[in-house]
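Take a look at the structure set out below.
Chain letters run A, B, ... following the sequence lines, proteins first, then strands; residues in each count from 1.
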Amino acid sequence: MGFWQPRRAGILALAAVIAVLPAVLPNAFYYDVVILVGINAIVCVGLNLLIGYGGQISLGHAGFFGLGAYFSAVLTGTYDWPPLAALATGAVSVGVLSFIVARPILKLKGHYLAMGTLGMGIIISIALNQEVDITGGPDGMPVPAFAIAGWEPSSEQTWYWIVAALLMISVWLALNLIDSPVGRALRSVHGSEVAASVAGVDVTRYKILIFVVSAVMASFAGSLYAHYTGFITPDEASFFHSIEFVTMVVLGGMASTFGSLVGAAILTILPQLLTVLHDFEMLAFGAILMGTMIFMRKGLVPSLVDLAKRARP
Amino acid sequence: MIGRMLVRLGRAVLPALMLCGATTATLQAAEPVKIGSFLAVTGGASFLGDPEKKTLEMYVDAINADGGINGQPVELILYDSGTSAKQALTFVKRLIEQDEVDVIVGGTTSGETMAVIREVEKAGVPFISLAGAGVIIDPVKKWVFKTPHTDRLAVQKIFDDMKARGLTQVALLSGSGGFDKSCRKNAQELAPEMGMTIVADESHGKGDTDMTPQLTKIKNTDGVQAFLYCGFGAPTSIVAKNVSQIGLTVPHYQTQGSASMKFIQGADGAAEGARLPVAALLVVDQLPDDHPQKQVATAYRDAYEKKYGESVSAFGGHAYDGLYIVAQAMERAGGTDKETVRTEIENTKNFIGADGVFNMSATDHLGLDTRSFVMVEVKDGNWKLLQ
């Protein structure tokens, strides 16, 4: 094995895909779709740490994504902050917020935990909708360009490389975290909280840590998204958007970082592909999701890996 | 392994993506005129997007049956944005970059429209929005037009009617939605210009089911001569009920946000006597024969109701107007050159549509005035046109 550990092979493959893609993307529309895949993937890689490894569920991650987006929009737009400072402030604030809510919320288990995070997400969404003077309300607000020291990425191509680089960093961080003592502790928490604490793992601390990490990644992706599209609405923080993120993680395969990438890619690209079906778009979308979940319960990537292993004993 | 799979996925997906644009082309013959559209056919605003879609499809067929525009067939490329600003933006990029449309008619909600304006302006494609907010065309943007009335026009029409009745002291109640806030802002701005005074300014929260506290305050305010509610959807009926419950007897006005039978039905008789501005389309049978919109509105309503078997709404009318403004501009331009078509859209004069008579200019990318609304009063559970 040595250098060719599976995870290193994975990250190299990801780098290769990122490097090759520009050669086959014919126009800005394709870049746009791929950039959205990348931004969603950053959220999913973070969320997967929480769901797949920590064994906790969050139905409120779009709330963090939305908060990050609005921090960037309001601070750069209304108060003329430099985008990087706004992005960092958003990430830190979301980190603090998630830290504060993590303790009471993560004490809950199963359905109650899902309800807790769902409630938090909805509160954020309501706040963004109602604070019309700050956020522009349901109609949304424009976001200035992502200017760094006078330079701003204007074309989709430039954004592609920015998002690609950040995605690589996120994946690399996630893979490292998973294989660190923290990652092992998390997996033990996932397996059995009782056994983990008997083995001396501070269960609460690790759950909070991973919740905060995934929230900060969502906020970060939200800020990027806001600057990239130049216009945001409270829909970014909606309950349905949270569900979308969770679906991406589950579809791609829980506890598989690359599964999260594949999940994000499929759920972002699929609506574009299915436009051919016109009125049957939603039907096909639902059927594909149901089919995957029925026949590939572990999610796409882990199921396919198992299949490949079985075919090649 | 995983990497190979990703590559394979990419290979499978990309050519398929490329095919999508091509399959929608159905007409052979001459190079078609491509009209792009993105509408909220599903999702929260589907009650707006669905009639818009049906209208566009019906009239694109009609135009093609008549020989197309400048002898070229019309191809409609329509995507469902699912009422999401994010999807809308991606679909607009697809329309511009992939489908290379000549013009875009779409954008059901203000959020979707505002999200795509930057892209449309950058690419330089004429765009007619079907959304309500005034900010879409104010300040004027080079490539962006719209057909629905703004809330500002509605407030103007209401104030005109109040003044005609000698009422100048208005009590205002508004909700917390985007439409409500915008309506309230316009009322505050227009009041001094039009010689009106706002003597009470109350608001209620989203999802409130009882507005009697606010209305009681209004009732106890001195000098209130008329009451105006800025709101949309379900609260409109609640307000009407509460008004009659607490016995607020001053003339009662609402906006076009209440222009739905649900308002009358939900109020359970309490809406009687309430006045509001609506598109002429809603009371087409009561229009006098010399009303400029009588013919167009009747034809549109009959065609729509015959084809789809459901009652016509004002929203589909926005799409009708957008489509025909574009078609006529292209005929005047004698082609599909974007810059010329844009100029010709701006030159739209005396176009009689479902929403009113359009007169656009370089400083007015809507082109409607208060005549495009008619005032109606709720009478015997129906709209009664006020002469």
Rounded distance (nearest 0.5 Å) linking atom [atom1] of [X] with atom [atom2] of [Y]:
X: A:L274; Y: B:D80; atom1: CG; atom2: CG; value: 11.5 Å
X: A:Y31; Y: B:E97; atom1: OH; atom2: CD; value: 11.5 Å
X: B:E100; Y: A:N27; atom1: CD; atom2: CG; value: 8.0 Å
X: A:Y30; Y: B:R94; atom1: OH; atom2: CZ; value: 7.0 Å
X: B:T90; Y: A:I35; atom1: OG1; atom2: CD1; value: 10.0 Å
X: B:K86; Y: A:E244; atom1: NZ; atom2: CD; value: 6.0 Å

Taking everything shown except [X] itself, do over 12 heavy atoms lie less than 6.0 Å from its [atom1]?
X: B:K54; atom1: NZ; answer: yes
X: B:M58; atom1: CE; answer: yes
X: B:K141; atom1: NZ; answer: yes

(request) Could you tell me which residues in residues 104-130 of chain B have at least one non-hydrogen atom under 4.5 Å from a non-hydrogen atom of chain A, sorted by residue number? (result) B:S110, B:G111, B:M114, B:A115, B:R118, B:E119, B:K122

Between [X] and chain B, which part of the residue has a heavy atom less than 4.5 Å away: side chain, backbone, both or neither?
X: A:L36; value: side chain
X: A:A16; value: neither
X: A:T233; value: side chain
X: A:F240; value: neither

(request) Go through the structure and list residues passing salt bridge (Lys or Arg N to Asp or Glu O under 4.0 Å) with B:K93, not counting sequence neighbours. (result) A:D32, A:E156

